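Notes follow the structure.
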Number of protein chains: 2
Amino acid sequence: MNTQSVLDRLSALADKSRFTILQIMAKGAIGTCCDRIEAYENGCCVADVVAVTGLSQPTVSHHLKTLEKVGLVRKEVRGPWTCYFPNPEAIDELISTLRVELYPSENCNEGGCCP
Amino acid sequence: MNTQSVLDRLSALADKSRFTILQIMAKGAIGTCCDRIEAYENGCCVADVVAVTGLSQPTVSHHLKTLEKVGLVRKEVRGPWTCYFPNPEAIDELISTLRVELYPSENCNEGGCCP
DNA sequence: CATCGATATTGATGGAGGTCGATATGAATA
DNA sequence: TATTCATATCGACCTCCATCAATATCGATG
C-alpha cells in the first residue's frame with residue numbers, strides 16, 4: 001500500500017460512525033431487514049445501519065460510500081437492496097503496512113559500521 | 001483499549017504530517033541536531049522535524065503534542081531540547097484492538113444452533 | 001408504464017482541526 | 001541576572017467534512 005492509501009483508510013476508520021458500522025458488521029450484530037443476506041455473510045443493508053446507529057439515511061449512505069471507496073467494505077446490489085460486506089483483506093493490508101512503516105527498526109549503525 | 005482511545009489514535013495517525021513524523025522516527029532517518037539523542041533511540045527534537053517536513057515550528061510542536069497525548073510518542077526534556085521517541089507498544093495495542101474489533105468473526109449460528 | 005420501497009445525490013450548514021505569525025515560557029550559560 | 005537558543009502557547013484564518021432535509025434515481029412488481 002502506498003502512503004496515501006494508508007492515510008485514506010485510517011481517515012475512514014477514525015470516524016466514530018464509520019468505526020461503529022464496521023464493528024457491528026464484524027460482530028454480525030445486525031439482524032438485517034434485507035432477506036437476501038445470510039447470517040454468515042456479516043453483511044447489512046443501508047436501512048440496517050440507520051436502525052442501529054440512529055443516523056439519517058443519507059448520512060449512512062455517505063459513510064458506506066466512503067468505506068467502499070477505500071476498500072474497507074464491498075458493495076453488492078441484491079434486488080431492491082444495496083448490501084455491504086466487510087473486507088478483511090483491507091484490514092490485513094493496513095495492519096501490515098502500519099507495522100512496516102511505523103515500527104521502529106533497530107538502528108544497526110550505533111557503532112558507526114555503516115557509512 | 002476502549003473505542004474512544006482507538007479513534008483518537010487513528011485520528012492522530014490519519015494526518016499526513018503526523019504519519020510522516022512517525023515514519024521518519026521509525027526509520028531512524030533523522031540526523032538529529034540535538035546532541036543528546038543516540039542513534040539507536042530513534043528519537044528527534046522539534047527542530048529536526050521542522051527541517052525534514054518544512055512545517056513551521058508551532059505546527060510541529062502542535063503535532064508532537066497530539067501524538068504524545070494519544071500515546072504514540074514519548075516526551076523527554078534533555079537540556080534545552082525536548083526530545084520525542086516512538087512508542088512501539090501503542091502501535092501494538094492499536095493493531096491488536098483493530099483485529100479484535102473489526103475482523104469479521106465466523107458467524108457460528110448459521111445453523112441456528114444458538115438462540 | 002405507474003407505483004412503491006430502498007438507496008443515492010444535491011445543497012446547505014455547523015463544527016473540528018491543520019496551519020502560521022506573533023509572543024510567551026523555559027533551560028543553559030556567561 | 002541577562003542573554004540566547006529551543007520549544008510551547010495564543011489567536012486567527014481557512015479548509016475539510018459530518019450531518020441533515022429535500023429530491024432524484026433505481027429495482028421490483030403490478
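Throughout, a chain's letter reflects where its sequence line sits, starting with A, and its residues are numbered from 1. Remember, predicted model here, so these are calculated numbers, not experimental data.
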It should be established whether [X] places a side-chain nitrogen or oxygen under 4.0 Å from OP1 or OP2 of nucleotide [N].
{"X": "A:Lys75", "N": "C:dA8", "answer": "yes"}
{"X": "B:Tyr84", "N": "D:dA6", "answer": "no"}
{"X": "B:Arg78", "N": "C:dA27", "answer": "no"}
{"X": "A:Lys65", "N": "C:dT7", "answer": "no"}
{"X": "B:Ser17", "N": "C:dT19", "answer": "yes"}
{"X": "A:His62", "N": "D:dA18", "answer": "yes"}

Donor + acceptor pair across side chains of A:Gln57, A:Ser61 (<3.5 Å): yes

State the [atom1]-[atom2] distance between [X] and [Y], to the nearest 0.5 angstrom.
{"X": "B:Ser11", "Y": "B:Gln4", "atom1": "OG", "atom2": "CD", "value": "8.0 Å"}
{"X": "B:Leu13", "Y": "A:Leu10", "atom1": "CG", "atom2": "CG", "value": "5.5 Å"}
{"X": "A:Leu102", "Y": "B:Lys27", "atom1": "CG", "atom2": "NZ", "value": "9.5 Å"}

Length of the line joining [X]:[atom1] and [N]:[atom2], which is rounded to integer Å:
{"X": "A:Phe19", "N": "D:dA18", "atom1": "CZ", "atom2": "C1'", "answer": "18 Å"}
{"X": "B:Leu67", "N": "C:dG17", "atom1": "CG", "atom2": "P", "answer": "14 Å"}
{"X": "B:Arg18", "N": "C:dT19", "atom1": "CZ", "atom2": "C1'", "answer": "12 Å"}
{"X": "B:Leu64", "N": "C:dG18", "atom1": "CG", "atom2": "C1'", "answer": "14 Å"}
{"X": "B:Lys69", "N": "D:dT9", "atom1": "NZ", "atom2": "C1'", "answer": "12 Å"}
{"X": "A:Trp81", "N": "C:dG5", "atom1": "CH2", "atom2": "C1'", "answer": "9 Å"}
{"X": "B:Glu76", "N": "C:dA27", "atom1": "CD", "atom2": "P", "answer": "14 Å"}
{"X": "B:Ile21", "N": "D:dT7", "atom1": "CD1", "atom2": "P", "answer": "13 Å"}

Which is more 5' along DNA chain D, the nucleotide nearest A:Val77 or the one nearest A:Leu55? Just name the residue. A:Leu55

Would you say the side chain of A:Gln57 and the base of C:dA8 hold a donor-acceptor pair, judged only by whether the two atoms sit under 3.5 Å apart? yes

Residue [X], side-chain heavy atoms: nucleotide from [options] that is nearest:
{"X": "A:Asp15", "options": "D:dA18, C:dG18, D:dT7", "value": "D:dA18"}
{"X": "A:Pro58", "options": "D:dA22, D:dT9, C:dG18", "value": "D:dA22"}
{"X": "B:His63", "options": "D:dT7, C:dT7, C:dG18", "value": "C:dG18"}

What contact category does [X] fall into here, base, sugar-phosphate, or nothing, at under 4.0 angstrom with non-hydrogen atoms?
{"X": "A:Cys34", "result": "nothing"}
{"X": "A:Pro80", "result": "sugar-phosphate"}
{"X": "A:Thr59", "result": "base"}

Do B:Arg9 side-chain atoms and B:Ala90 backbone N/O form a donor-acceptor pair below 3.5 Å? yes

Checking the side chain of A:Asp48 only, and the main-chain atoms of A:Cys33 only, is there a donor and an acceptor separated by less than 3.5 Å? yes

